[in-house]
There are 2 protein chains.
Amino acid sequence: MPLSSPAPASSSNSRAHRRSPKGDRRRQQILDAAMQVFARDGYSNASIGEVAAQVGLTLPGLLHYFPSKTEMLLAVLDMRDQRSPRLQDYPQTLTLEQAVAGTPLHWSKLFEQLLLVNRSNVDIPGVIKAFSLLNAESLSQDHPAQSWFHHRSELMLELITCSIRQGQQAGEILASVDPAQIAVELVSMMDGLQLLWLRHPDRVDLDGHFQRYLERVQRTIAAC
Amino acid sequence: MPLSSPAPASSSNSRAHRRSPKGDRRRQQILDAAMQVFARDGYSNASIGEVAAQVGLTLPGLLHYFPSKTEMLLAVLDMRDQRSPRLQDYPQTLTLEQAVAGTPLHWSKLFEQLLLVNRSNVDIPGVIKAFSLLNAESLSQDHPAQSWFHHRSELMLELITCSIRQGQQAGEILASVDPAQIAVELVSMMDGLQLLWLRHPDRVDLDGHFQRYLERVQRTIAAC
DNA sequence: GTCTATAGGAGGATAGAC
DNA sequence: GTCTATCCTCCTATAGAC
């Protein structure tokens, strides 16, 4: 249920694909390999030649599908946008502005969704590793993934802030709570926990720790 | 007061320096420049040629002080070990084993120290950026900083866990609290918060958010 | 669509003069 | 201690044949 919502007809912002069924399979294959390589080496240290070899292509062969390394990265980010589990009732086309403008999710529903998303991440450590690396790397100057991560984190912050604020207006959350504080906390905890989990997979239980944290947050901010 | 404790005579694990006063100043100058470059580009994407230029040297000139890029990185990490504010009563020579074996800090004292360390980080965004980038980057395979970050996070986890456990034995912390949970949370929050702060310096208040988080943790785990 | 061949550059590191 | 000159490896990207 949390992974629902239909895929959009086509990503609006991406360059038009020539829709050949065989070519699409290749593209997909390449992007999967790319993510594996990014998970191991990050972006700037990764070699797209190795991605090519991994799918049985030469470098120029691969560049036929993605004309540059940067284009390949952006395609990987696009893929994440479309494949990642979505918050219920929030289709993939959601923009930051729509999230702020629209009716926010009920906060307890949002928390539940965050928990489920986090839980599903346990099964895809490679993906999480790639995006944790990219998340930090994108802080460096003129990184091609900078705006993607910037926008994404902004979206998350707004989403949570709005839900909390609405919970306050409904009298379900203490008025003394700062919505922005909770939003920043949740995003920080998710990202930081992922890093620590990747470094100490045996010692850190991604799902368990986040669950217990979230429960404490809930108990602390709930009215009465 | 939190920044106390004397610098050790010389870092035990590092290659012996030829102690020339002028050379030491140069070394220092290079390491400062290196950290700036690492803060902007990360490690693997950084060019030590640029570090050289920044201190008015050519590449071979710089390699006279640090024979390889890796050695330079390790020297930067060493510097962090020696310069960073230390937990009161815990001199720099503390090893993981000693921390576990010795008498742990009182938990409220530890929390206070964490708060102060975090607060002092606000003034050195460049250093924090370099180390946040390196922290993630070091997850990649065979990264020269891998063991440094691994050991460091392990140390932090043990330090916190022991303090919490001792608080429980003293009856000051609820027995129902899992010490490892709190340790993982604190480390994750600090690292995650730094990342989000670096991305949204205007929106995220590093000191304020951590302070409010820590206060809530304290209220939640305190007995009675 | 996929290849061979090649251009073009950047970065790390060494040799050896001063 | 610092330089010039050089080497070598690796990488992205293009040209053009099949």
Side-chain angles (χ1 to χ4, degrees), chain A residues 15-34 36-38 40-76 133-134 137 140-145, chain B residues 15-76 133-134 137 140-145:
Chain A
R15 36 247 139 252
H17 309 163
R18 307 110 192 85
R19 284 288 170 192
S20 125
K22 184 175 164 68
D24 273 7
R25 229 177 313 137
R26 261 283 200 234
R27 281 179 70 92
Q28 199 50 69
Q29 199 184 358
I30 292 170
L31 292 180
D32 289 340
Q36 271 184 265
V37 174
F38 290 164
R40 209 194 46 199
D41 301 332
Y43 168 71
S44 65
N45 197 36
S47 159
I48 56 175
E50 199 183 335
V51 175
Q54 208 162 311
V55 297
L57 279 178
T58 60
L59 212 180
L62 179 143
L63 288 174
H64 168 75
Y65 294 93
F66 302 99
S68 75
K69 189 182 180 181
T70 298
E71 288 296 312
M72 209 175 78
L73 172 61
L74 297 180
V76 167
L133 286 179
L134 290 173
E137 192 179 355
S140 63
Q141 248 177 8
D142 301 322
H143 195 283
Chain B
R15 36 250 138 247
H17 308 165
R18 307 111 193 85
R19 285 288 171 192
S20 125
K22 183 175 165 67
D24 272 8
R25 229 178 313 137
R26 262 284 200 232
R27 281 179 70 91
Q28 199 49 69
Q29 199 184 357
I30 292 169
L31 292 180
D32 289 340
M35 200 149 62
Q36 270 184 263
V37 174
F38 290 163
R40 209 194 45 198
D41 300 333
Y43 169 70
S44 65
N45 198 36
S47 158
I48 57 173
E50 198 183 334
V51 175
Q54 207 161 311
V55 297
L57 280 178
T58 60
L59 213 178
L62 178 142
L63 288 174
H64 169 74
Y65 294 93
F66 304 98
S68 75
K69 189 182 180 182
T70 297
E71 289 297 312
M72 208 175 80
L73 172 61
L74 296 180
V76 167
L133 286 179
L134 290 172
E137 192 179 354
S140 62
Q141 247 176 9
D142 302 322
H143 195 282

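Predicted, not measured: the structure shown is a model, and the values here were computed from it. Letters A, B, ... are given to chains in the order of the sequence lines, protein chains preceding strands, and every chain is numbered from 1.
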Atom-pair distance ([atom1] on [X]; [atom2] on [N]), nearest Å:
X	N	atom1	atom2	result
A/K69	D/dC10	NZ	P	15 Å
B/N45	D/dC10	CG	C1'	14 Å
B/L63	D/dT6	CG	C1'	14 Å
B/I30	D/dG1	CD1	C1'	11 Å
B/E50	C/dG11	CD	C1'	12 Å

Is A/L31 close to A/F66 at the side-chain level, that is, under 4.5 Å between some pair of heavy atoms?
-> yes

Given side chains that start at C-beta, do those of A/F38 and A/L133 come closer than 4.5 Å, heavy atoms only?
-> no

Here the pair of heavy atoms bringing B/A145 nearest to B/L73 is CB-CD2, 4.1 Å

Anything under 3.5 Å between a protein N or O and an N or O of nucleotides 2-4 of chain D, put it in a table, one pair a line.
{"residue": "D/dT2", "atom": "OP1", "partner": "B/R26", "partner atom": "NE", "Å": "3.4"}
{"residue": "D/dT2", "atom": "OP2", "partner": "B/Y65", "partner atom": "OH", "Å": "2.1"}
{"residue": "D/dC3", "atom": "OP2", "partner": "B/T58", "partner atom": "N", "Å": "3.0"}
{"residue": "D/dC3", "atom": "OP2", "partner": "B/T58", "partner atom": "OG1", "Å": "2.9"}

side-chain N/O A/S47 vs D/dT12 OP1/OP2, d < 4.0 Å = yes

Could you tell me whether the phosphate oxygens of C/dG1, OP1 or OP2, come under 4.0 Å of any side-chain nitrogen or oxygen in A/S20?
-> yes

Could you tell me whether a side-chain N or O of A/S140 sits under 3.5 Å from a main-chain N or O of A/H143, the two making a donor and an acceptor?
-> no

Backbone of A/S47 reached by a side-chain donor or acceptor of A/K69 within 3.5 Å = no

So what does A/A46 hit on the nucleic acid, given a heavy-atom distance under 4.0 Å: a base, only sugar-phosphate, or nothing?
-> sugar-phosphate

Would you say the side-chain atoms of A/Q29 and A/R26 include a donor-acceptor pair closer than 3.5 Å?
-> yes

